[in-house]
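Chain letters run A, B, ... following the sequence lines, proteins first and then strands; every chain starts at 1.
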2 protein chains.
Amino acid sequence: MHSSELLKGTLQTIVLKVLKDNGKMYGYEITTLVKELSENRILLTEGALYPTLHRLEAEGLLRTEVVNIGKRVRKYYALTPDGKAQAKDRVNEFVDFIKTMSAVLHVRMAQ
Amino acid sequence: MHSSELLKGTLQTIVLKVLKDNGKMYGYEITTLVKELSENRILLTEGALYPTLHRLEAEGLLRTEVVNIGKRVRKYYALTPDGKAQAKDRVNEFVDFIKTMSAVLHVRMAQ
DNA sequence: GTCTAATACATAAATCACTTATGTATTAAT
DNA sequence: ATTAATACATAAGTGATTTATGTATTAGAC
């Protein structure tokens with residue numbers, strides 16, 4: 001469960017965007033989806049993910065719904081209206097970051 | 001001197017690549033170049049830059065040359081052969097990171 | 001001619017996201 | 001029956017970066 005130093009600071013952006021794209025999801029489901037989308041390059045750790053979900057909820061960006069699956073508990077997270085706005089902002093910020101870095105590093109990425 | 005959380009982990013990559021592109025440079029010069037290339041979006045702090053330069057030198061990726069300009073001292077840094085290889089690797093790693101993130105966030109950037 | 005901003009280096013303490021480690025419990029697979 | 005996968009949670013430790021200081025020279029504004 002590790003990845004490059006570059007991933008630091010991307011967790012909230014990732015969580016907000018996958019929730020925007022997929023509606024409600026639970027924590028474990030987010031880790032598996034991100035693992036799949038990233039072709040095993042981004043392996044979210046629970047120690048980072050759960051506190052982040054709790055924090056985003058405390059900030060009013062996510063709302064939760066607890067569902068019992070047999071004797072097991074699942075906690076679904078979905079974006080609030082504020083969360084949707086934040087998701088958009090964060091993705092824009094990321095795209096801007098890529099453009100800036102591309103200019104500094106002289107790599108052609110941003111079209 | 002601040003910027004987004006996303007910048008974290010990019011400092012070494014930036015330093016190595018601008019040195020690769022510009023030959024020898026001194027610390028202050030690096031901050032002004034990066035500020036210019038990033039259109040004021042990336043403002044390197046001295047507290048981060050100088051320790052990073054010292055560390056890269058200690059790792060054998062940079063070599064230094066001290067020059068006296070009047071009564072003022074300038075410390076020029078340049079890549080060693082290992083440093084050149086690292087610069088290449090770091091940029092490749094960054095491009096790969098962008099591709100992965102683009103896939104996860106569903107943003108089209110990488111060609 | 002003096003004051004401020006810019007140039008140029010340096011380091012130490014504090015911060016904070018994230019990793020690592022640990023814990024509990026259920027369910028599926030071998 | 002045992003292990004791996006599912007599913008949550010939190011606490012201690014790490015480490016890059018920010019913030020805060022410090023010293024000193026040179027250029028520019030007024």
Identify, between A:L11 and B:L53, the residue whose nearest nucleotide on DNA chain C lies closer to the 5' end. B:L53
By the 4.0 Å heavy-atom rule, please label B:T10 as base, sugar-phosphate, or nothing. sugar-phosphate
Considering only side-chain heavy atoms of A:Y28, which listed nucleotide, C:dT26, D:dA5, D:dA9, is closest? D:dA5
Closest nucleotide of DNA chain C for B:R72 versus for B:K75: which of these residues is on the 5' side? B:R72
For A:E46, report the nucleic acid contact type (base, sugar-phosphate, nothing); a contact means any heavy atom under 4.0 Å. base
Checking A:K20 side chain against A:K84 main chain: does a donor-acceptor pair fall under 3.5 Å? no
Output the single nucleotide from C:dT19, C:dA8, D:dT17 whose closest atom is nearest the side chain of A:T45. C:dT19
Measure from CD on A:E57 to P on D:dA9 and round the result to the nearest Å. 9 Å
Checking contacts here: which listed nucleotide (D:dT6, D:dT17, C:dC9) is nearest the side-chain heavy atoms of B:K8? D:dT17
So, is B:R55 near the phosphate of D:dA16, with a side-chain N or O under 4.0 Å from OP1 or OP2? yes
Can you check the A:E5 CD to D:dT14 P distance for me, whole Å? 15 Å
For B:E65 and C:dA8, what is the distance between atoms CD and P respectively, to the nearest whole Å? 15 Å
Are B:H54 and C:dC9 close enough that a side-chain N or O sits under 4.0 Å from OP1 or OP2? no
Looking at B:Y50, I'd like to know whether one of its side-chain N or O atoms comes within less than 4.0 Å of OP1 or OP2 on C:dA10. no
From the options B:T32, B:L33, B:V34, select the one residue that forms a side-chain contact (heavy atoms from CB on, under 4.5 Å) with B:I30. B:V34
Hey, can you tell me if B:F94 and A:F97 have their rings parallel, tilted or perpendicular (30° and 60° cut-offs)? perpendicular
Specify the separation, in whole Å, of atom CG of A:L49 and atom P of D:dA11. 17 Å
Please tell me which of the listed nucleotides, D:dA9, C:dA8, C:dT26, lies nearest to the side chain of A:Y77? D:dA9
So does B:E65 pair up with B:K24, basic N to acidic O under 4.0 Å? yes
Starting at atom CZ of B:R74, determine the distance to atom C1' of D:dT23, rounded to an integer number of angstrom. 18 Å
Among D:dC8, D:dT17, C:dA17, the nucleotide that comes nearest once only the side chain of B:A48 is considered: D:dT17
For A:G47, which contact category applies under a 4.0 Å heavy-atom criterion: base, sugar-phosphate, or nothing? base
Can you tell me the distance, in whole Å, between the CD1 atom of A:I69 and the C1' atom of C:dA28? 15 Å
Are A:V73 and A:Y76 connected in a single hydrophobic cluster, I mean Ile/Leu/Val/Met/Phe/Trp/Tyr linked by side-chain heavy atoms less than 4.5 Å apart? no
Quick one, A:D96 and B:R41 - any side-chain contact, counting heavy atoms below 4.5 Å? yes
Can you tell me the distance, in whole Å, between the CG atom of B:L7 and the C1' atom of C:dT15? 17 Å
To the nearest angstrom, the CD-P distance between A:E29 and D:dA7 comes to 8 Å
When you measure from the side chain of A:Y26, which nucleotide among C:dA8, C:dA17, D:dA7 comes out closest? D:dA7
